[in-house]
Amino acid sequence: MPTSRGVGEGQEHDHHPTILHRGAGGGGGDSAGDDNGGGARQWWVPGPVVVGAGPSGLATAACLKARGVPSLVLDKDSCVAASWRHRTYERLRLHLPRCFCELPMAPFPPGTPAYPTRDQFVAYLDDYARAFSIDLRLGARVRSAAYDAAIGFWRVTVDEGAGDGGGGATATEFVSRWLVVATGENAEPAWPEGVEGMDGYRGVAMHTSSYKKGDEFRGKNVLVVGCGNSGMEVSLDLCNNGAKASMVVRDKLHVLPREILGISTFGLSVFLLRWLPIQQVDSLLLFLSRLILGDTEKYGLPRPKTGPLQIKSSTGKTPVLDIGALRKIKNGEIKREILQVVPAIKRFTENGVEFIDGHKEDFDAVIFATGYKSNVPSWLKEGEFFSNVDGLPRKPFPHSWRGKNGLYAAGFTRKGLMGTSYDAVRIAGDIADQWTEAFASPTATANNKRGGSA
Ligand SMILES: Cc1cc2nc3c(=O)[nH]c(=O)nc-3n(C[C@H](O)[C@H](O)[C@H](O)COP(=O)(O)OP(=O)(O)OC[C@H]3O[C@@H](n4cnc5c(N)ncnc54)[C@H](O)[C@@H]3O)c2cc1C
Ligand SMILES: NC(=O)C1=CN([C@@H]2O[C@H](COP(=O)(O)OP(=O)(O)OC[C@H]3O[C@@H](n4cnc5c(N)ncnc54)[C@H](OP(=O)(O)O)[C@@H]3O)[C@@H](O)[C@H]2O)C=CC1
Ligand SMILES: O=C(O)C(=O)Cc1c[nH]c2ccccc12
């Protein structure tokens with residue numbers, strides 16, 4: 001893959017890719033689309049419309065291209081990989097080795113470390129979009145998408161040129177036979193419900209998706225709410241930058257070392273799962289973790305009864321892959337606020353928080369590491385394939401990628417970037433088969449249908 005920049009932020013894209021045809025009702029023409037009567041310009045897209053230019057959308061578009069199918073990728077942000085570029089902290093590294101995070105047809109460039117940094121991963125995704133000449137329409141927030149059974153096409157309405165509130169936007173409607181949803185499992189921050197008084201809090205309250213680096217918290221007393229990978233890593237970053245971090249741990253959790261005897265814990269698990277049942281792999285991981293990390297319960301982090309891979313497989317909850325926070329918890333540099341009952345924080349006070357056990361403490365900042373949620377229910381007018389409750393496909397992996405009427409989901413497997421690649425290959429294969437059939441000459445199609453040869 002060439003190492004080029006060019007699909008990053010602030011860089012212009014072809015806003016009218018060649019695959020766009022004006023007006024679903026026919027016509028043809030060059031620059032502007034037809035008005036559909038509701039004030040929106042209308043474009044017919046011969047190939048699939050892909051919503052989201054993160055790893056899942058880019059991988060799907062690249063796999064489609066490799067199968068000869070053009071697609072149009074829409075993203076609300078002004079660049080590809082916006083989640084990684086804008087909604088992660090500076091010192092983030094992938095926590096799985098790079099071989100498990102590569103997208104189809106593109107190894108990381110030589111010299112990439114085993115655990116690429118955020119900037120390396122963003123550059124990789126920029127290069128990926130460029131190498132596969134992916135047709136992008138950026139700054140295009142999908143406001144709604146619905147299947148029009150009368151014509152057998154998806155109508156995708158997009159606000160362009162809008163701020164976050166959608167003000168000043170122009171609406172455009174894309175009409176396509178196929179819709180690929182690739183807006184991610186982590187599209188929106190999840191804030192805890194039922195915590196009162198945030199408006200009156202005089203300190204800084206933010207979600208980990210806005211956290212950039214610890215040095216602005218130097219010398220400050222910071223509460224991190226939540227102890228998944230984000231909570232652990234942000235607490236560690238705060239500590240490394242001279243802040244005093246406390247972490248709310250409301251439930252039991254599995255912490256595993258990122259590596260065991262120089263082998264990634266994830267890689268070891270994948271290998272062992274080929275030969276052993278998941279319960280045995282979990283037992284082995286827990287035995288080795290105990291040797292390496294000690295008894296985490298002693299440090300206030302008791303483990304659930306069910307093993308880490310079984311929990312990942314049944315609920316999608318990722319175990320913490322420790323990159324150093326546990327040592328800081330052991331030696332007291334990160335203080336735990338262990339609270340078993342939900343919600344752990346009762347309310348904000350003027351200068352801090354009151355916990356559900358009644359004790360109050362002052363904090364200069366409160367960082368919510370409470371996870372993310374899908375935003376699909378806010379724009380997709382469909383409730384059969386995607387759940388309107390959590391915005392995820394109702395069927396779990398490996399059946400989560402294909403719905404009805406040309407609807408697909410890329411990147412909703414709860415299996416990270418490996419799941420993304422799995423989906424991209426399958427979706428592209430499925431659409432390519434339909435594409436080939438649709439574009440085959442009438443004679444060829446007739447012969448195929450008869451099952452005969454020419
Ligand atoms: C901090 C963090 C670290 C992670 N590290 C790893 C790791 O090391 N290994 C691993 O395998 N997995 C990891 N994951 C999990 C997952 O693989 C990544 O989140 C990955 O980015 C998912 O890719 P995606 O394309 O599905 O979603 P995203 O990267 O979130 O991309 C979705 C895109 O859709 C766009 N979008 C959303 N709504 C709309 C809309 N209405 N209209 C238009 N565009 C829209 C967004 O702007 C975004 O660009 C991590 C997740 C997080 C949060
Ligand atoms: N280096 C890397 O590659 C990183 C990867 N990631 C990945 O990003 C994804 C998201 O991770 P993350 O942001 O940590 O989100 P998670 O959903 O994994 O974790 C959220 C945490 O917040 C807790 N929580 C939720 N609500 C409350 C509440 N009201 N009070 C107290 N605690 C609460 C949860 O507790 P409970 O378990 O009880 O629900 C859980 O500990 C994961 O896939 C993760 O692996 C994240 C960071 C770094
Ligand atoms: O980062 C994530 O959340 C992932 O989904 C990657 C991942 C998939 N399966 C796992 C098992 C253990 C740790 C991380 C993962």
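Note that ligands are numbered from 1 as they come in the structure, with each ligand's atoms numbered from 1 the same way.
- Near Arg93, meaning under 4.0 Å from one of its heavy atoms, ligand 2 places the atoms 1 (N), 2 (C), 3 (O).
- Contact annotation: for Lys317 versus ligand 2, heavy atoms closer than 4.0 Å belong to the side chain alone.
- Ring geometry for Phe100 versus Phe266: interplanar angle over 60°, hence perpendicular rather than tilted (30 to 60°).
- Taking only non-hydrogen atoms, the option from Leu92, Asn229, Asn186 nearest to atom 9 (C) of ligand 2 is Asn186.
- Taking every non-hydrogen atom of Val142 and a distance limit under 4.0 Å, the qualifying atoms of ligand 1 come out as 40 (C), 41 (N), 42 (N), 43 (C).
- Residue Lys415 approaches ligand 3 through these ligand atoms, each under 4.0 Å from one of its heavy atoms: 5 (O), 8 (C).
- Considering only non-hydrogen protein atoms, atom 44 (N) of ligand 1 sits nearest to Lys76 N, 3.1 Å.
- If you look at Ser269 next to ligand 3, there are no close heavy atoms at all, none under 4.0 Å.
- Close approach to His95 involves these atoms of ligand 3, each under 4.0 Å from a residue heavy atom: 1 (O), 2 (C).
- Annotation: atom 9 (N) of ligand 1 to nearest protein heavy atom, Cys101 SG, 3.6 Å.
- In terms of protein heavy atoms, atom 31 (O) of ligand 1 is closest to Gly54 CA, 3.4 Å.
- Between the choices Asn186, Asn375, Thr413, the shortest heavy-atom distance to atom 19 (O) of ligand 1 belongs to Asn186.
- Protein heavy atom closest to atom 5 (O) of ligand 3, with residue, atom name and distance, is Lys312 NZ, 3.0 Å.
- Tyr408 and Trp401 have parallel rings, their planes meeting at less than 30° on a 0 to 90° scale where 60° marks the start of perpendicular.
- Taking 4.0 Å as the cut-off, Ala182 counts as a neighbour of ligand 1 on heavy-atom distance.
- Close contacts between ligand 1 and Leu94 involve ligand atoms 7 (C), 8 (O) [criterion: under 4.0 Å to a heavy atom].
- Among all heavy-atom pairs drawn from Gly419 and Thr413, the shortest one is CA-OG1, 3.3 Å.
- When the heavy atoms of Pro55, Gly419, Gly57, Ala81 are ranked by distance to atom 23 (O) of ligand 1, first place goes to Pro55.
- Proximity of atom 35 (C) of ligand 1 to the protein is indicated by at least one non-hydrogen atom lying closer than 4.0 angstrom.
- The proximity of Ala190 to ligand 2, defined as any non-hydrogen pair under 4.0 Å, does not occur for either the backbone or the side chain.
- Although no hydrogens or angles enter the test, the distance criterion places no donor-acceptor pair under 3.5 Å between the side chain of Lys395 and the main chain of Gly403.
- Looking at Pro97, Gly371, Ser83 and measuring to atom 28 (P) of ligand 1, the nearest heavy atom belongs to Ser83.
- When the options Phe412, Trp84, Tyr89, Trp379 are ranked by their closest heavy atom to atom 3 (C) of ligand 1, first place goes to Trp84.
- The atoms of ligand 2 that sit less than 4.0 Å from any heavy atom of Gly228 are 14 (O), 19 (O), 21 (C), 41 (O).
- At a heavy-atom distance under 4.0 Å, atoms from both the backbone and the side chain of His95 approach ligand 2.
- Of all atoms in ligand 1, numbered sequentially from 1 with element shown, those under 4.0 Å from a heavy atom of Arg141 are 42 (N).
- Residue Arg87 places a heavy atom less than 4.0 Å from ligand 1.
- Every atom of ligand 1 is numbered from 1 in the order shown, and the set under 4.0 Å from a heavy atom of Gly52 is 33 (C), 34 (O), 35 (C).
- Annotation: cation-pi pair Lys415/Tyr422 absent, no NZ/CZ under 6.0 Å from the ring centroid and within 45° of its normal.
- Near Asp77, meaning under 4.0 Å from any of its heavy atoms, are these atoms of ligand 1: 47 (O).
- Atoms of ligand 2 lying under 4.0 Å from any heavy atom of Val225, numbered from 1 in the order shown and given with element: 30 (N), 31 (C).
- Of all protein heavy atoms, the one closest to atom 11 (O) of ligand 1 is Leu417 N, 2.7 Å.
- Here the heavy atom of the protein found nearest to atom 33 (C) of ligand 1 is Asp75 OD2, 3.5 Å.
- Note: Phe121 and Phe108 have tilted aromatic rings, judged against thresholds of 30 and 60 degrees for the angle between ring planes.
- Below 3.5 Å of separation, one finds no N or O of Leu309 facing any N or O of ligand 3.
- For the pair Tyr147 and Leu407, the minimum side-chain heavy-atom distance is 4.5 Å or more.
- In this structure, of Ser209, Gly371, Ser230, Ala369, the residue bringing a heavy atom nearest to atom 14 (O) of ligand 2 is Ser230.
- When heavy-atom distances to ligand 2 are checked against a 4.0 Å cut-off, Thr318 comes that close only through its side chain, counted from C-beta outward.
- Close contacts between ligand 3 and Leu96 involve ligand atoms 6 (C), 7 (C), 14 (C) [criterion: under 4.0 Å to a heavy atom].
- The protein heavy atom nearest to atom 39 (C) of ligand 1 is Thr183 CG2, 3.5 Å.
- Taking every non-hydrogen atom of Gly184 and a distance limit under 4.0 Å, the qualifying atoms of ligand 1 come out as 26 (O), 27 (O).
- For atom 14 (C) of ligand 3, the nearest non-hydrogen atom from the set Ile311, Thr265, Thr318 belongs to Thr318.
- Of all atoms in ligand 1, listed by their number and element, those nearer than 4.0 Å to a heavy atom of Ser56 are 23 (O), 24 (P), 25 (O), 26 (O).
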